[in-house]
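Every number for a ligand or one of its atoms is a count from 1 in the order of the listing. On a predicted model such as this, the values are computed, not experimentally measured, just so you know. Note: hydrogens, waters and symmetry copies are ignored here, and every other heavy atom, side chains too, is used.
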Amino acid sequence: MGTVVESANQGAVNLPTNKKVAVIFVLGGPGSGKGTQCTNIVEHFGYTHLSAGDLLRAEIKSGSENGTMISNMIKEGKIVPSEVTIKLLQRAIQENGNDKFLIDGFPRNEENRAAFELVTGIEPEFVLFFDCPEAEMEKRLLGRNQGREDDNIETIRKRFNVYMESSLPVIEYYNSKGKVRKIDAVKPVGEVFEAVKAVFAPANEKVAA
Ligand SMILES: Nc1ncnc2c1ncn2[C@@H]1O[C@H](COP(=O)(O)OP(=O)(O)O)[C@@H](O)[C@H]1O
Ligand SMILES: Nc1ccn([C@@H]2O[C@H](COP(=O)(O)OP(=O)(O)O)[C@@H](O)[C@H]2O)c(=O)n1
Ligand SMILES: [Mg+2]
């Protein structure tokens, strides 16, 4: 594994002192296959998968006071204020015994990125970026069938706009720091995972393929 980063413990919801965690951000457009590949990575390389979208959807279901706001933002394809999402991520990291995490779908804009760094002091080991053409992502989202309120063509278009305007710049930021591992995500699931394995295997040799 690469450098392990220690939490700076500056935020309102702190990670336990000295809890060392390695974080990989998993980014890419809506429908690029982030969740699908995270499931494979968990199985093969022992990471814990934290999907920002899943945590937000669970927060709605839990009847939280923020539920209505989160639900409205997801229906509009907008990005929820980072303090809400970061608290959910911090809690999930804190409650988990593992020390290595895939953070899927976060940071999605500059505000997410800067606030997470400030509050947790965590820098990602690297960013796994699933690069996929919009037409393929659209086809996948329309066929996803998970009953999601945002997988309709109107919201999908809004999510693509947010991705282009707000999320791609975050990927560019990490690219300029040499941290992006880009994967061609248009291929079938198994082929994409072969490319993912090539990124993870050198640092995780303890786990058999
Ligand atoms: N490489 C792939 N080829 C075809 N379909 C895929 C591929 N990867 C994922 N899918 C399907 O596309 C949809 C979106 O995948 P998902 O992993 O949920 O993407 P994301 O989390 O990036 O939105 C799902 O229905 C999934 O089964
Ligand atoms: N960092 C994040 C991640 C998701 N979200 C919200 O959750 C929605 C769904 O995110 P997701 O990651 O589950 O979506 P996919 O990229 O997996 O299709 C986004 O469109 C946003 O409305 C957010 O506000 N902030
Ligand atoms: Mg997803």
Side-chain angles (χ1 to χ4, degrees), residues 23 25-43 49-61 64 66-90 92 101-117 119-120 124 127-171 183-197:
V23 161
F25 289 147
V26 181
L27 301 179
S32 58
K34 301 180 295 295
T36 302
Q37 296 299 330
C38 282
T39 302
N40 288 335
I41 298 165
V42 165
E43 219 170 87
H49 175 205
L50 301 179
S51 157
D54 286 351
L55 288 168
L56 290 167
R57 285 183 286 273
E59 188 69 359
I60 298 170
K61 276 204 184 143
S64 129
N66 285 324
T68 308
M69 179 273 288
I70 298 171
S71 172
N72 287 335
M73 296 206 79
I74 288 180
K75 278 183 206 150
E76 284 299 309
K78 291 185 181 155
I79 304 195
V80 173
S82 61
E83 57 179 57
V84 172
T85 316
I86 289 171
K87 266 189 199 142
L88 296 174
L89 287 168
Q90 279 189 302
F101 296 88
L102 301 169
I103 300 193
D104 158 7
F106 183 100
R108 248 179 163 98
N109 62 9
E110 173 60 18
E111 193 227 358
N112 275 185
R113 186 201 66 72
F116 185 81
E117 197 179 303
V119 169
T120 69
V127 172
L128 191 63
F129 167 42
F130 291 107
D131 188 28
C132 193
E134 210 170 273
E136 174 67 19
M137 297 196 289
E138 183 180 305
K139 192 175 83 184
R140 290 181 189 175
L141 292 173
L142 290 173
R144 180 150 62 182
N145 254 337
Q146 288 176 356
R148 276 176 53 169
E149 302 242 45
D150 55 348
D151 282 349
N152 58 78
I153 192 63
E154 199 188 326
T155 309
I156 287 169
R157 296 259 152 84
K158 291 179 180 165
R159 290 157 71 198
F160 285 160
N161 284 338
V162 168
Y163 172 64
M164 299 291 284
E165 278 169 27
S166 305
S167 309
L168 270 181
V170 173
I171 295 163
I183 305 283
D184 178 6
V186 76
K187 296 178 184 158
V189 174
E191 282 179 46
V192 175
F193 189 53
E194 286 306 311
V196 168
K197 271 201 253 180

For the 3.5 Å polar cut-off, considering only N or O atoms, please tell me whether Val192 and ligand 1 meet it. no
Determine whether the side chain, the backbone, both or neither of Leu56 has a heavy atom under 4.0 Å from any heavy atom of ligand 2. side chain
Could you tell me whether some N/O pair between Gln146 and ligand 1 is separated by less than 3.5 angstrom? no
Any idea which atoms of ligand 1 are less than 4.0 Å away from a heavy-atom of Lys187? 1 (N), 2 (C), 3 (N)
Ligand-side contact atoms (ligand 2) for residue partner Ala52, heavy atom cut-off under 4.0 Å: 1 (N), 3 (C)
Val189 heavy atoms, cut-off 4.0 Å: which ligand 1 atoms fall inside? 1 (N), 2 (C), 7 (C), 8 (N)
Taking only heavy atoms of Gly29 into account, list the atoms of ligand 1 that are under 4.0 Å away from them. 22 (O)
May I ask you to list the atoms of ligand 2 that are less than 4.0 angstrom from any heavy atom of Gly105? 1 (N), 2 (C), 3 (C)
Could you work out, for atom 21 (O) of ligand 1, the closest of Gly143, Gly35, Cys38, Gly53 by heavy-atom distance? Gly35
Spacing of Ile156 atom CD1 and Glu134 atom CD [to the nearest 0.5 Å]: 10.5 Å
Using a strict 4.0 Å cut-off to heavy atoms of Arg144, name the atoms of ligand 2 that fall inside it. 17 (O), 18 (O)
What atoms in ligand 2 come closer than 4.0 Å to a heavy atom of Arg57? 9 (C), 13 (O)
For atom 25 (N) of ligand 2, what is the closest protein heavy atom, and at what distance to 0.1 Å? Ile79 CG2, 3.7 Å
Among all protein heavy atoms in this structure, tell me which lies nearest to atom 21 (C) of ligand 2, with the distance rounded to 0.1 Å. Lys78 O, 3.3 Å
Within ligand 2, which atoms have a heavy atom of Asn112 less than 4.0 Å away? 1 (N)
Work out whether the distance between some heavy atom of Glu76 and some atom of ligand 2 is less than 4.0 Å. no
Between Asp150 and ligand 2, which part of the residue brings a heavy atom under 4.0 Å of the ligand: side chain, backbone, both or neither? side chain
Minimum-distance protein heavy atom relative to atom 5 (N) of ligand 1: Arg140 NE, 3.6 Å
Backbone or side chain, does any N or O of Asp104 fall under 3.5 Å from an N or O of ligand 1? no
For ligand 1, indicate whether the residue Ser51 contacts it via side chain, backbone, both or neither (heavy-atom separation under 4.0 Å). neither
Closest protein heavy atom (residue, atom, distance) for atom 4 (C) of ligand 2: Arg108 NH1, 3.6 Å
When you look at CD of Glu83, are more than 12 heavy atoms from neighbouring residues, nucleotides or ligands closer to it than 6.0 Å? no
Nearest protein heavy atom with distance in Å, relative to atom 19 (O) of ligand 1: Gly33 N, 3.2 Å
Below 4.0 Å, non-hydrogen atoms only: which portion of Arg148 touches ligand 2? Side chain, backbone, both or neither. side chain
Under 6.0 Å from the CE atom of Met69, do we count more than 12 heavy atoms belonging to anything else shown? yes
Using a 4.0 Å cut-off to any heavy atom of Lys34, which atoms of ligand 2 qualify? 15 (P), 16 (O), 17 (O)
Checking Phe101 against Phe25 for the side chain to side chain contact (heavy atoms under 4.5 Å, CB included) test, could you report, in this order, the C-alpha distance in whole Å, the side-chain angles of both residues, the deciding distance, and whether it holds? CA-CA 8 Å; Phe101 296 88; Phe25 289 147; over 6 Å; no
About how many Å separate CD1 of Ile79 and CD1 of Ile74, when rounded to the nearest 0.5 Å? 11.0 Å
What's the spacing between Asp150 CG and Arg57 CZ if we round to 0.5 Å? 6.5 Å
Please write down residue, atom name and distance for the protein heavy atom closest to atom 15 (O) of ligand 1. Thr36 OG1, 3.6 Å
Closest candidate by heavy atom, reference atom 24 (C) of ligand 1, pool Glu191, Arg144, Glu136: Arg144
Taking Ser166 for the side chain and Asn109 for the main chain, is one N or O donor matched with an acceptor at less than 3.5 Å? no
